[in-house]
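For reference, the structure discussed in these notes is given below.
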Amino acid sequence: MKGGGRRRASPAAVPEPEALVTRVVTDVAGVDKEFDYLVPAGVAAAVRVGTQVRIELNGRRVGGWVVAVGVEPPTGLALRPLEKVRGWGPEPELVDLAGWAAWRWAGRRRTFLSTASAPTAVPVLPNPSWRPPAAPAGLGATADLLAPFPLDRPVTLRLAPAADVTPVVAELAQRGPILVIVPSVNRGSTLATRLRRAGGDVAVVPEDWAQARAGTAVVIGARAAAWAPCPGLTTVIVVDGHDEALGEQQQAPTWNAVAVAGERARRAGVPCVVVSPCPTLDLLAAGPVRLTDRGTERQGWAALEVVDRRQDDPRLGLYSDRLVSRIRAEPRVVCVLNRTGRARLLACASCGELVRCERCGSALIQQPEGDTPRPLVCPQCTLVRPQVCAECGSTRLRLLRVGVTRVSEELEALVGRPVGEVTSATVSWPDTSVLVGTEAVLHRLTPADHFGAVAFIDFDQELLAPRIRAAEEALALLAHASRLAGGRAGKVLVQTRIPDHPVLKAALSADPGILSAGELPIRQTLRLPPVTAVAVVSGPAAAPYLDGLAALPDSPVEILGPDRDRWLVKATDAAVLADALAAVPRPAGRLRVAVDPARL
DNA sequence: CGGACAAGCTGA
DNA sequence: CAGCTTGTCCGG
């Protein structure tokens, strides 16, 4: 702090040499620049790195974050004062981490600062609450896994799907404040409840952001919690580190909570502990994996039954005899099919033409409700047309791919019991002993719902999905189902025409290592992550940007494409890729850079 | 992002 | 040449 005996700040625009000046990153899309402002004497104590402020920029009031205090502004500028101090913001270390993430995923700092901030203004902090949960009575087979951790890279603990992570988290909380990142809000509230029951002070973010910022024993939250405040942090824990929900896949920047957690822990000099029943190649590449004994691991995976459908007549449809008899035999079953609605793909029974939207070309689906014949609707542009073929006018249409609604109707008839339906859009579902749902059903239910069996109706859809990590995600589904079904006592059934797939072998023997051993050579051959680092570049401004990348000295990146106006940029590792992407100035216009996306 | 301002197009 | 559109620049 300079100018202890500072004179009163004059209202004049020309700063006095000793006036306190801050540097601010604005919360305005498109303004990726820092601006300097004077700190009014009355609020100087509240202004630190991370503080959220309001400033006047070009005649309008906008939000921003203080990223430096006591800077030397460029000469000859008439500085404005800060309009207002909005309240507490991210810790200074997280402001730095936002800069790292902006580099790592070719994004903007404000995206990450915004994620690291409270949902509503926090003018004052509550009192800290440091009470940890009671230490677990015994850790059993997991005790050895908690041997001293390296501080420079994450460690993955391979715990079976049905294993409870609460004792591990409680044990680590004995060392001081911990940050726990989980893949879903549901998972977070379950864990929070258990830790609170054990007497721990727990802040669940984003709701309890202010308490987390003030200081508490355990901070828990979903993906964005990788950016939650946690004063005195001693360990970062990621639960289900394989889960794709830990990565932002929809919009750029496509950051990943496991990578943020790892870097955050490394910078703080504390361990990053990742727990996963099925560590991905990305996790294996990031750091060592610690295993329990095989017997313990087996106990946490459900018995898997593979129904080989290669010999079945395709006209038999989605339901093998074995599937139907198993569902009849089980007291409570969940069936999973990753498609909503009645019919996801229709063809004309006379001319064979696919039923597509005449306006936008996407496949029309059958309206899920209403009178028969059900009209056809376009999921893309909401065009509606009666059930006729646009080519030949025939009204006879054939179902090529069936959706969840249709399946629940058909199963009800086949099994002779009422069937409920759960999709991501479902608010509440009936208390039936058979449920049919999209993958969302696995996220909505918990082991406490006592569904002892999970059946995947069309598992090949998962195994063959056009995503880089499709196989790993398929194994993750089986792990999730195993947890829901209650481990060894539960049952998981899959219908498939690829019964020898490594995913199924791995789940059958409760050994996820079988899948990684098979996947790594594929990634090596195709030169895909984690062997390389890739980015997909698209948008109107992509072409000049790629010209810039191609012109970089020593060609650090390989450029492939364009394929449908998208280019693929490959480098030997994430740092080389990030350096290259940052070295080229972004041309004006819209440009999307997705680093390490789910699909290419 | 959104305002300011400059350069380009149009029509009477 | 007013009146309007389109493009580029800039903000402390």
Side-chain angles (χ1 to χ4, degrees), chain A residues 1-3 6-87 89-90 92 95-96 98-99 101-102 105-117 119-121 248 250-255 538-548 582 584-594:
Chain A
M1 173 82 70
K2 42 168 149 173
R6 175 150 37 98
R7 282 159 302 180
R8 271 203 110 61
S10 102
V14 179
E16 292 178 41
E18 293 163 84
L20 191 60
V21 176
T22 66
R23 196 148 285 165
V24 173
V25 166
T26 66
D27 190 12
V28 183
V31 183
D32 202 33
K33 203 179 154 191
E34 298 170 342
F35 298 97
D36 293 342
Y37 287 84
L38 291 170
V39 180
V43 299
V47 174
R48 63 204 83 206
V49 170
T51 300
Q52 286 191 259
V53 294
R54 305 274 306 167
I55 51 171
E56 195 177 307
L57 181 70
N58 215 5
R60 57 195 178 124
R61 289 182 128 213
V62 298
W65 293 269
V66 170
V67 294
V69 182
V71 295
E72 203 62 55
T75 50
L77 279 178
L79 297 189
R80 296 188 144 276
L82 296 172
E83 287 290 322
K84 190 173 178 234
V85 173
R86 183 166 179 264
V95 173
D96 289 343
W105 287 286
R108 306 198 190 267
R109 246 194 311 180
R110 39 167 286 276
T111 318
F112 300 107
L113 289 173
S114 172
T115 307
S117 300
T120 54
E248 170 59 75
Q250 313 302 327
Q251 64 220 20
T254 53
W255 61 280
S538 57
Y545 185 64
L546 286 147
D547 290 342
V584 177
R586 285 180 176 236
R590 285 182 58 82
L591 175 72
R592 185 187 133 97
V593 181

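Quick caveat, the model's predicted, so the values are computed rather than measured. All chains are named by letter (A, B, ...) in the order of the sequence lines, taking the proteins before the strands, and each is independently numbered beginning at 1.
Remark: Arg61(A) pairs with Glu83(A) by the side chain to side chain donor-acceptor pair (under 3.5 Å) rule, at least two apart or across chains. Remark: Trp65(A) engages no residue in a ring-ring contact (aromatic ring centres under 6.0 Å, His included) (not counting sequence neighbours). Annotation: side chain to side chain contact (heavy atoms under 4.5 Å, CB included) contacts of Val584(A) (sequence neighbours excluded): Tyr545(A), Leu549(A), Leu552(A). Considering only residues two or more places apart in sequence or on other chains, Val49(A) meets the side chain to side chain contact (heavy atoms under 4.5 Å, CB included) condition with Val69(A), Pro92(A), Val95(A).
The OH-P distance, from Tyr37(A) to dG11(C), rounds to 11 Å in whole Å. Distance CG (Leu77(A)) to P (dG11(C)): 8 Å, rounded to an integer number of Å. The distance from atom CH2 of Trp65(A) to atom C1' of dG12(C) is 18 Å, rounded to the nearest whole Å.
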Side-chain atoms of residues 585-594 of chain A: list all donor-acceptor pairs with protein atoms under 3.5 Å, sequence neighbours left out, distances to 0.1 Å.
from, atom 1, to, atom 2, distance (Å)
Arg586(A), NH2, Ala106(A), O, 2.6
Arg592(A), NH1, Gln250(A), O, 3.4

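Residues in residues 25-41 of chain A take part in these salt bridge (charged side-chain N to carboxylate O under 4.0 Å, His left out) pairs, two or more places apart or across chains: Arg23(A)-Asp36(A), Asp27(A)-Arg110(A), Asp32(A)-Arg108(A), Glu34(A)-Arg109(A). Sorted by first and then second residue, the side chain to side chain donor-acceptor pair (under 3.5 Å) pairs involving residues 38-54 of chain A (not counting sequence neighbours) are Gln52(A)-Arg86(A).
Heavy atoms of Arg60(A) sit under 4.0 angstrom from at least one base atom.
In summary, contact between chain A and DNA chain B, defined as any nucleotide atom under 4.0 Å from a heavy atom of the protein, begins and ends at dC1(B) to dG2(B) in the 5' to 3' direction.
Of the residues in residues 52-59 of chain A, those with a non-hydrogen atom less than 4.0 angstrom from any atom of DNA chain B are Asn58(A). Using a 4.0 Å cut-off on heavy atoms, the residues of residues 29-36 of chain A that approach DNA chain C are Val31(A), Lys33(A), Phe35(A), Asp36(A), listed by number.
At least one side-chain heavy atom of Trp255(A) sits under 4.5 Å from a side-chain heavy atom of Thr115(A). Within the 4.5 Å cutoff, no side-chain heavy atoms of Pro90(A) are placed close to those of Phe112(A).
In this structure, CG on Leu82(A) lies 8.0 Å from CG on Leu38(A), to the nearest 0.5 angstrom.
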